[in-house]
Structures are given as C-alpha cells and as structure tokens.
Amino acid sequence: MGRLFVQSLEGKIYSCKHCRTHLALCQDIVSKSFHSRHGKAYLFSKVVNVTSGEREERMMMTGLHTVADIFCVGCGSIVGWKYETAHEKSQKYKEGKSVLERVKMSGPDGSNYWVSHEAQVGSSDADDV
C-alpha cells in the first residue's frame, strides 16, 4: 500500500473519536438534523481523510438513495456515509455531501457524543434541513 497522506484542518474541527484524525470543519455543516442508527448525525458539504466503500442502494426515511459508507483513513473506523445519488427530486441537494455520525467523532471542543437509548435501528436520514 502507498504512503498515507492526512490533511490537517485549521479552525473548529470535528475529528475521529478513535484516532483524532481531522474529518471536517464546523463551517462545512449543512444540517445537524440528520439521524443514524446510532443517534445524531451531521450533513457536511466537505469532509477529508476518508475513504469510500462500495456504493449501495439504501431506503432511508426520505426515500431511496445510492450511498457509500465512509471510513477514517487514520484507523479504518466507519464514520458515516456519502450520498452519491438521491432518487427523489426534493433530495437532490444531498448528492456529493457526506454524513458523519456524531457518536463516531469528537467535537471542536474535544467532547465526545455517546449513543442515546432512543437511537433507531436501521438506516435513516433527515426529514428537514
């Protein structure tokens, strides 16, 4: 395998909770109204230091989407998913954007977010932006 290049970010940063690799900036948050099977999740216009898994069709709360899981390049942990294609016209704004699960990352102040007991099982996403 080749040499791993990790991009460092400056400002208010979200990072992988396992290895502290930088993932995204606060200013790139599009919505905090998303949900995953582990609880809260944020939609970002830009993320760094991730690799994408295989594309797959998933039925989410807002309809059918083509998505790919995304993994931290530092430790390989799954940190969320990327929207490749939204099949509903009203959901097209998600295409090319990524969702990071709050429980998988540390916040800008270094805080971690723990799984709530109300977390849903199964794939989900936001109903509103």
Side-chain angles (χ1 to χ4, degrees):
M1 189 167 167
R3 186 174 179 167
L4 179 67
F5 290 97
V6 177
Q7 184 175 345
S8 293
L9 300 173
E10 291 185 21
K12 292 185 177 182
I13 300 163
Y14 285 94
S15 58
C16 175
K17 84 170 189 180
H18 300 290
C19 68
R20 302 288 189 220
T21 297
H22 294 176
L23 299 173
L25 292 169
C26 282
Q27 67 195 40
D28 293 326
I29 294 174
V30 175
S31 175
K32 290 185 176 183
S33 299
F34 280 65
H35 301 279
S36 72
R37 65 183 63 139
H38 299 111
K40 290 186 175 198
Y42 299 166
L43 181 68
F44 287 87
S45 58
K46 179 183 175 186
V47 296
V48 297
N49 300 322
V50 297
T51 58
S52 294
E54 295 291 320
R55 289 180 177 197
E56 63 181 62
E57 301 291 319
R58 284 191 198 157
M59 182 57 73
M60 306 260 193
M61 290 171 55
T62 56
L64 185 64
H65 295 80
T66 304
V67 299
D69 287 334
I70 54 176
F71 303 86
C72 172
V73 298
C75 65
S77 297
I78 185 169
V79 291
W81 67 90
K82 180 177 182 177
Y83 286 101
E84 301 291 344
T85 307
H87 299 284
E88 301 286 332
K89 187 176 181 181
S90 66
Q91 302 300 307
K92 292 288 186 186
Y93 75 95
K94 296 176 183 175
E95 291 182 345
K97 295 178 177 65
S98 298
V99 172
L100 295 178
E101 296 184 61
R102 189 62 185 94
V103 71
K104 308 281 179 91
M105 58 184 175
S106 296
D109 60 358
S111 64
N112 286 323
Y113 185 86
W114 303 105
V115 176
S116 71
H117 295 291
E118 295 85 37
Q120 296 177 344
V121 175
S123 297
S124 61
D125 58 0
D127 283 326
D128 57 351
V129 176

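Among residues two or more places apart in sequence or in another chain, the side chain to side chain contact (heavy atoms under 4.5 Å, CB included) test is passed with V48 by Q7, L9, K46. Remark: K92 engages E95 in a side chain to side chain donor-acceptor pair (under 3.5 Å) (not counting sequence neighbours). Scored by the side chain to side chain contact (heavy atoms under 4.5 Å, CB included) test, C26 finds K12, Y14, P108 as partners (sequence neighbours excluded). Checked against side chain to side chain donor-acceptor pair (under 3.5 Å), T66 has the following partners two or more places apart in sequence or in another chain: E57, H87.
A salt bridge (Lys or Arg N to Asp or Glu O under 4.0 Å) check over residues 27-36, counting only residues at least two apart or in different chains, returns nothing. Sorted by first and then second residue, the pairs that involve residues 59-84 and meet salt bridge (Lys or Arg N to Asp or Glu O under 4.0 Å), not counting sequence neighbours, are R55-E84, R58-D69.
For K97 (side chain) and Y93 (main-chain N/O), a donor-acceptor pair under 3.5 Å exists by modelled atom type.
Ring geometry for F44 versus Y42: interplanar angle of 30 to 60°, hence tilted.
Counting all heavy atoms, side chain and backbone alike, F34 lies closest to V99 at CD2-CG2, 3.9 Å. Across all their heavy atoms, T21 and G74 have their closest contact at OG1-CA, 3.7 Å. Residues G63 and E88 come closest through the heavy atom pair CA-CG, 4.4 Å. Between A68 and G53, the shortest heavy-atom distance links the atoms CB-O, 3.6 Å. The shortest non-hydrogen separation linking S45 to V30 is N-CG2, 3.6 Å. The two residues L64 and M59 come nearest to each other via the heavy atoms N-SD, 3.7 Å.
A chain of hydrophobic side-chain contacts below 4.5 Å, direct or via other Ile, Leu, Val, Met, Phe, Trp or Tyr residues, connects I29 to L100.
Taking OH from Y83 and CE from M60, the interatomic distance works out to 4.5 Å, rounded to the nearest 0.5 Å. Summarising the geometry, atom CD belonging to E101 is positioned 11.0 Å from atom OG belonging to S77; distances are rounded to the nearest 0.5 Å. Separating the NZ atom in K17 from the SG atom in C72 is a distance of 12.5 Å, to the nearest 0.5 Å. The SG atom of C16 sits 11.0 Å away from the NE2 atom of H22 when rounded to the nearest 0.5 Å.
Screening I13, V73, I70, V79 for a side chain to side chain contact (heavy atoms under 4.5 Å, CB included) involving L23 leaves a single residue, V79.
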Carefully, step by step, assess S36 and K104 under the rule side-chain hydrogen bond (donor to acceptor under 3.5 Å, both in side chains). CA-CA 11 Å; S36 72; K104 308 281 179 91; over 6 Å; no

